[in-house]
Enquirer: 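Can you read through this structure? Questions will come right after.
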Amino acid sequence: MNKEEARKKIDELTDLLSEHNYKYYVLDHPEITDYEYDTMLKELINLEEKFQELMREDSPTQRVGGEALESFTQVAHSVPMLSLSNSYNKEDLIDFDRSIRKIIGEKIEYVVEPKIDGLSVNLKYENGRFVQGATRGNGVVGEDITKNLRTVKTIPLKLKEEIDIEVRGEVYIPKEKFAKLNQRQAEKGETIFANPRNAAAGSLRQLDPKIAAKRNLDIFVFNIQRMENMNIDKHTEGFEYLKSLGFKTSNYEVCESIEEVIKQCEKWSEKRSSLSFEIDGLVIKVNDLSQREKLGTRSKSPRWAIAYKFPAEQQKTQVKDIVVQVGRTGALTPTAELEPVRVAGSVISRATLHNEDYIKEKDIRIGDTVIIEKAGDVIPAVVRVLLDERTGEEEIFKMPTICPICKEETFRLEGEAVTRCMNAACPAQLRRGLIHFVSRDAMNIDGLGESIVTLLLENNLIQDAADLYDLKKEELLPLERMGEKLAQNLIAAIEKSKKNDLERVIFGLGIKLVGARAAKLLSDEFKSLDGLMQASEEQITAVPEIGHKMAESVVAFFKEDRNVEIVEKLRAAGVNMESLHINDEEDENREKKFEGLTFVLTGTLEKYKRSEAKKMIENLGGRVSGSVSKKTSYVLAGAEAGSKLDKANQLGVAVISEDEFERML
Ligand code: IVH
């Protein structure tokens, strides 16, 4: 075959395969068999190998291409990616309609769409070619995740018209694929995702597109962000146009009045569980684009649209047992083992009961029938006990006075809600501590997860984190399911971690209350582990965002001989103990990322005093309020959170833990 013939054939196959890909994935209507598709694909692969220069960028063979990235680059959005204000009931929707009619004064047509629970992305096309995909980020600047988005089969690499356009959509994982993904993750001993949204977000934030490619991601496109000479008057026309270009778009309903919208909300709420994808509500939008223009936008969200959030879903189930887990810091956490039930998209078989007081307050007993609740991505909680269903056989839970793992005595210190095992050599603490040490945000030792750490401990190959650095390939080989290649990779990954920045080491040590963000701040301030070890409580508290409790915990950590011993062993093994950041501008130019957000603090916070948390929020432009309302953006809940937490759940306000708060910081 000469070059000209090859070009023709490659073009023909690329177009044909793209079209069949579209019919299969977007239209869900295949016209050829998998065998026929694969045969064509093989032919294309062969030709592309022989005539590499003729391969087209939008070739179906190029969905997964190239090497893993070192990091994501930032991209500024040409049109801000706005967010939505929320509504939770009929009254809110009627208010929304009233505020719109006050400005427009004429008949309004609404479009109701499912609110897909995934990750918002912007897709940019030039001449009909997919050139860039980005996350929403803070709405103004996001991250370039083009490589990962190319692996999403329902994202067309080439449109049916050669135009310049930017569109917005939601990437998600279908419910069934999500369940399979978690099953695979569990088998490999890797992260179990709490919900499809986290799984989608986690997959798109992988630096290696090969991982994203395996995650069965999908997309619904719902908006034209930018397009030259846009000749469209209505949102619904936009939808039809997007469809004609080859995008997979969401379903929508047109409503003539807010009463019809409310009916749609009831209808979707009923069919929600039968959908193949997760939705956390609906989005209601004014259809007419000139009316939208009149309405305009607020700083973060348009006036012409609102999200309707479904109420937290509740289910009845039974507490089969209450088991106690020992965490990395020795905290004993009681967990309810439940008769598995499906709530808000996931099968729930456990719910944390936090601590002894929480169980007492709610009077939760083993054998009780309870109502559990889950709202969006918030961890499931036991709401109340159905006292009428008690048989008298229920058993009152007692916090163990000896550690279930090492059998040493447990303590509950005055003023603390948690009961702890204080034995630093407790195997449960050791195991959790090691899992933490190797985890992604800490030393990031690739391939070393919960299962291998357990194997290493069971085979007495390690006693502490520093022992990892003495491991030899020959010692690993006899382990279960360990091959030559895996062993070699593990040793290489361990070796690589020696060069990690100081903040990872500090975080990895697992000092009580010190999260990843605090570790970075400490590393930036003290520059070396020695510097931190010598710092006084006052010096540590002087670091912005670091509170007294955390400073106390750092000093106490380095007072323990055993901890100093491990640090010295790590140093001797060649682990880097110095900050690699010479001058970090990031902190100086930190944006006011909480601007426009209102927080309510409730319960006992472990890591900061209330006043400290308040100061941190305010420093970043946020507001702290004393009571929960629909306007509250987040409720930061510590242990023993009471009525404010209930109110937040009732209103569907996002509830975050201290860990989540740290991540936001
Ligand atoms: S419209 C300016 N439509 O919900 C309009 N958003 O809470 C902005 N979302 O970050 C969004 N499905 O990612 C819109 N059909 C839909 C949606 C949708 C899911 C997400 C979106 C946004 C979040 C807002």
Side-chain angles (χ1 to χ4, degrees), residues 77-88 92 96 100 110-123 133-143 145 149 152 154 166-174 195-198 200-201 204 217-226 234-236 238-239 242-243 247-255 261 264-265 268 272 275 277-289 291-293 295-310 345 375-378 596-597 630-634 651-654:
H77 301 303
S78 59
V79 180
M81 291 179 76
L82 297 174
S83 151
L84 293 169
S85 55
N86 291 329
S87 66
Y88 302 95
D92 292 348
F96 168 70
I100 286 191
Y110 292 110
V111 183
V112 177
E113 299 163 21
K115 185 168 183 301
I116 318 295
D117 204 7
L119 195 81
S120 206
V121 297
N122 187 73
L123 310 177
T135 61
R136 178 171 174 273
N138 61 7
V140 180
V141 177
E143 282 178 323
I145 51 163
L149 287 172
V152 180
T154 34
E166 281 185 51
V167 302
R168 176 169 176 180
E170 196 85 355
V171 173
Y172 69 97
I173 295 190
N195 53 48
R197 197 167 88 93
N198 287 2
L204 285 178
L217 297 167
D218 208 327
I219 193 169
F220 280 117
V221 169
F222 56 73
N223 201 44
I224 300 177
Q225 293 291 95
R226 194 176 63 90
K234 287 184 173 191
H235 181 59
T236 43
F239 257 131
L242 286 169
K243 238 185 257 183
F247 288 109
K248 177 171 168 180
T249 54
S250 9
N251 290 334
Y252 61 85
E253 305 279 350
V254 178
C255 297
V261 169
Q264 282 296 336
C265 292
W268 277 92
R272 175 184 184 193
L275 297 173
F277 49 89
E278 201 62 59
I279 65 176
D280 59 344
L282 298 169
V283 185
I284 295 108
K285 302 174 180 174
V286 170
N287 196 9
D288 186 306
L289 301 191
Q291 287 180 341
R292 282 191 184 184
E293 212 149 297
L295 288 159
T297 70
R298 304 178 206 94
S299 70
K300 293 268 159 64
S301 59
R303 281 197 195 85
W304 44 260
I306 197 163
Y308 169 78
K309 293 281 205 89
F310 291 134
D377 54 3
V378 176
L597 299 182
K630 283 185 305 193
K631 298 218 171 70
T632 310
S633 320
Y634 294 100
L651 293 176
V653 172

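The analysis underlying the following values was restricted to heavy atoms, covering all of them including side chains, and did not include hydrogens, waters or symmetry mates. Counting starts at 1 for both ligands and their atoms, following the listed order.
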Enquirer: Please check if any side-chain donor atom of Asn122 sits under 3.5 Å from a side-chain acceptor atom of Glu166, or the reverse.
Expert: yes
Enquirer: Got an N/O contact under 3.5 Å between Ser120 and ligand 1?
Expert: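 Yes; at least one N/O pair falls below 3.5 Å.
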Enquirer: Taking atom 10 (O) of ligand 1 as the point of reference, which of Arg168, Glu113, Glu170, Met81 owns the nearest heavy atom?
Expert: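 Nearest option to atom 10 (O) of ligand 1, by heavy atoms: Arg168.
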Enquirer: Does Pro114 have a non-hydrogen atom less than 4.0 Å from ligand 1?
Expert: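 The answer is yes: ligand 1 sits under 4.0 Å from a heavy atom of Pro114.
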Enquirer: Find all atoms of ligand 1 within a distance of less than 4.0 Å from any non-hydrogen atom belonging to Leu82, and give their numbers and elements.
Expert: 2 (C), 8 (C)
Enquirer: State, to 0.1 Å, how close Gln225 and Asn223 come at their nearest heavy-atom pair, and which atoms those are.
Expert: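 Closest approach of Gln225 to Asn223: OE1-ND2, 2.7 Å.
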Enquirer: How far is atom 6 (N) of ligand 1 from the closest protein heavy atom, and which atom is that?
Expert: Phe222 CZ, 3.4 Å
Enquirer: Quick check: does any side chain N or O of His77 sit under 3.5 Å from a backbone N or O of Arg136, one acting as donor and the other as acceptor?
Expert: yes
Enquirer: If we check ring pair (Phe, Tyr, Trp, His ring centres under 6.0 Å) with Phe220, which of these qualifies: Phe277, Tyr252, Phe247?
Expert: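 Result: among Phe277, Tyr252, Phe247, Phe277 is the only option passing the ring pair (Phe, Tyr, Trp, His ring centres under 6.0 Å) with Phe220.
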Enquirer: Between the candidates Lys300, Arg136, Lys285, Arg292, which shows the shortest non-hydrogen contact distance to atom 3 (N) of ligand 1?
Expert: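 Minimum heavy-atom distance to atom 3 (N) of ligand 1 goes to Lys285.
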Enquirer: Under the side chain to side chain donor-acceptor pair (under 3.5 Å) rule, what do Ser120 and Arg168 come out as? Steps first, then yes or no, please.
Expert: CA-CA 7 Å; Ser120 206; Arg168 176 169 176 180; 2.9 Å; yes
Enquirer: I'd like to check which ligand 1 atoms, numbered from 1 as shown, lie under 4.0 Å from a non-hydrogen atom of Pro302.
Expert: 2 (C)
